[in-house]
Amino acid sequence: MQAWQVHQLGEPSQVMQLQDVERPVPGEGQVLLKVRAANINFPDVLMCRGHYQVRPPLPFTPGVEICGETEDGRRVLANPALPHGGFAEYAVADAAALLPAPDTLDDAEAAALHIGYQTGWFGLHRRARLEAGETLLVHAAAGGVGSAAVQLGKAAGATVIGVVGGADKVAVARELGCDVVIDRLTQDVIAAVKEATGGRGADVIYDPVGGEAYTQSTKVVAFEGRIVVVGFASGSIPSPALNHALVKNYAILGLHWGLYGTKSPKLIQHCHEQLTELAARGAIKPLVSERVPLGGGAAAVQRVGDGVTTGRVVVVPSLENGAAA
């Protein structure tokens, strides 16, 4: 089979190599899956660079989220067991953690439903306890993680403010349903949020960016507001001033979704049921901006790493090179 292999760490476009390799052999409790679609996540980029908390042995195949097909023909969502990741024709995954792919979503959409939407659901509902009528601020609202949070926030009855970078991303955020969209490249984010909220600020802030975005969050979080720290796509990890959190009376909430797999796997199943129901009634639908063939995998991972994509970019092995849509 063909698979993207990383033999040394660096930028994805430089270190990912498409090679012919043997199909992976499932270990105890694992199953072999035919990859129908593999969604690109920022951790895939970090893994290639050697900056992720999970560091599989070299060589490895990146790709942490797929829609796959079991040997008996079932469509499932899975997090492949590294080093046999999803940017390949076949992957392996833990049998006990497989989730049924929603019938209302195609393979690429289903592949993108898992990590980003589970992270959004746990962040907004489990950690921040978002309530209908509250204001939710989402950084990087047109990206893969942010677009999921926007849709989940709207489904929960919140007023959603999206922060993006660039006119094209403004249009995407509006299509996603943001009530207010702020272009950080041309607008003062802090002033715009205060204007949009009548000076009150946002009740919940969803931050997958870190760096300057986090600093902005602390200046526009409402009384008894909650800042959910999801990741650091900016590459800068902030150091919170806890005296500021005390004086302004807000909470800083960390979210590592992966921990629920070992600490509370039943909650992941419950979350998937909630997401499947939301997808069935059209309240959420992963924004797939690109479907690329397997041969375009390295370039696509690099684009995600460079921050120039919107929504989700998904590798679909059944597409032939040049057939990206």
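Any value given below was found using the heavy atoms of this structure, including those in side chains, with hydrogens, waters and symmetry copies removed. This is a predicted model, so every value here is computed, not measured.
Take R74 and apply the salt bridge (Lys or Arg N to Asp or Glu O under 4.0 Å) test, not counting sequence neighbours, and it matches D72. Scored by the salt bridge (Lys or Arg N to Asp or Glu O under 4.0 Å) test, R200 finds D203 as partners (sequence neighbours excluded).
For S13 (side chain) and A298 (main-chain N/O), no donor-acceptor pair under 3.5 Å exists by modelled atom type. N79 places a side-chain N or O within donor-acceptor distance of the main-chain N or O of V64, the cut-off being under 3.5 Å. Remark: side-chain polar atoms of R174 are not paired, donor with acceptor, to backbone N or O of V181 under 3.5 angstrom. At least one donor-acceptor pair under 3.5 Å links the side chain of Q118 to the backbone N or O of I268.
Within the 4.5 Å cutoff, no side-chain heavy atoms of V31 are placed close to those of P26. The side-chain heavy atoms of V35 and E89, taken from C-beta on, include no pair separated by under 4.5 Å. A 4.5 Å side-chain heavy-atom check between V6 and T61 finds every atom pair outside the cut-off.
Q19 and H7 share a donor-acceptor pair across their side chains, judged by distance under 3.5 Å alone.
If you run side-chain contact (heavy atoms from CB on, under 4.5 Å) between R312 and each of L287, V304, N41, L113, only N41 comes through.
Between H244 and Y250, the distance separating the two ring centers is shorter than 6.0 angstrom. If you look at H114 and W257, their ring centroids are closer than 6.0 Å.
Across every non-hydrogen atom of R49 and G305, the tightest pair is NH2-O, 3.9 Å.
Comment: E212 does not engage R184 in a salt bridge, judged by the lack of any side-chain N to carboxylate O separation of less than 4.0 angstrom.
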Apply side-chain contact (heavy atoms from CB on, under 4.5 Å) to D179 and I161, showing your working. CA-CA 6 Å; D179 298 282; I161 300 173; over 6 Å; no
